[in-house]
Amino acid sequence: MPPPAERESVLPRAGPTRRARERLSLRDELLLAALPTVTMLVVLAFVEALTQQRLLFASLASSAFLIYLEPEHGTNRVRTLVVAQLGSAGLGWALYELLGPGFVAAGGAMVVVIALMILADAVHPPAVATAMSFALRAGDASNIGIFTLAVAVTAVLVLLQRSALWIIARAARVARERL
């Protein structure tokens with residue numbers, strides 16, 4: 001297990017001395033927030049067309065908002081997002097199969113997922129809700145495949161948000177240089 005100072009998933013991407021992301025203008029903040037919002041609406045429409053297990057995907061909306069808030073934070077790295085979300089879905093599904101839906105499966109999924117995220121240095125808080133959703137799901141459909149595709153779309157969002165932040169920062173720098 002890496003020492004606490006080396007745990008990437010709980011640190012800002014550039015290291016522990018990096019300041020938090022500076023607030024942008026209201027217009028730029030809204031533009032930056034639009035990308036995860038539109039992405040999650042597309043995912044929701046996709047899920048709506050394919051399954052009745054809508055709540056299994058709700059934690060991805062929280063992931064998208066965290067990515068908007070701080071795209072360069074270790075919690076929002078592609079590796080962290082994919083390992084935490086897919087691992088949580090698999091573990092929640094396994095505990096559902098083993099214990100059936102209910103408190104024991106959901107509580108067990110929550111506890112085990114938190115421990116595994118810390119051990120794997122893949123701490124992504126919305127994944128706790130994913131584990132619990134899969135452990136509590138109603139009906140026979142597990143939707144792991146559809147969830148995997150939704151996680152992939154969310155992982156692409158990480159890259160898009162970083163690109164958008166870079167473009168906004170570059171435009172601001174060019175504007176300052178012109179003054």
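Source: prediction; values computed, not measured.
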[X] side chain near [Y] side chain, heavy-atom distance below 4.5 Å:
| X | Y | value |
| --- | --- | --- |
| V128 | S88 | no |
| R170 | W166 | yes |
| R77 | L81 | no |
| T75 | P125 | yes |

Membership question, hydrophobic clusters at under 4.5 Å side-chain separation (ILVMFWY): are [Y] and [X] in the same one?
| X | Y | answer |
| --- | --- | --- |
| V104 | L95 | yes |
| V82 | L160 | yes |
| L30 | I168 | no |
| V151 | W93 | yes |
| L157 | V78 | yes |

Atom pair [atom1] ([X]) and [atom2] ([Y]), whose distance is rounded to the nearest 0.5 Å:
| X | Y | atom1 | atom2 | value |
| --- | --- | --- | --- | --- |
| T130 | M110 | OG1 | CE | 14.0 Å |
| R79 | D121 | CZ | CG | 6.0 Å |
| L91 | F134 | CG | CZ | 11.5 Å |
| I67 | L60 | CD1 | CG | 9.0 Å |

* Decide side chain to side chain contact (heavy atoms under 4.5 Å, CB included) for T148 and L86; before the verdict, give the C-alpha distance in whole Å, the side-chain angles of both, and the deciding distance to 0.1 Å. => CA-CA 7 Å; T148 300; L86 294 183; 3.7 Å; yes
For [X] versus [Y], what's the shortest heavy-atom pair and its separation?
| X | Y | answer |
| --- | --- | --- |
| L99 | A105 | CD1-CA, 3.9 Å |
| L136 | P101 | O-CB, 4.3 Å |
| V83 | A122 | CG1-CB, 3.7 Å |
| S63 | P126 | OG-CB, 3.5 Å |
| Y68 | Q161 | CA-NE2, 3.3 Å |

* Looking only at atom types and distance, does a side-chain atom of H124 sit under 3.5 Å from a main-chain N or O of A84, one as donor and one as acceptor? ->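 Flag not set: sc H124 to bb A84 has no pair under 3.5 Å.
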* **Donor-acceptor contact below 3.5 Å, side chain N76 vs main chain V158** =>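 Checking the backbone N and O of V158 against the side chain of N76, no donor-acceptor pair under 3.5 Å is found.
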* Asked: Just checking, any donor-acceptor pair under 3.5 angstrom between side chains of Q85 and T154?
  ->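 Their side chains do not contain a donor-acceptor pair, so the 3.5 Å distance test is not met.
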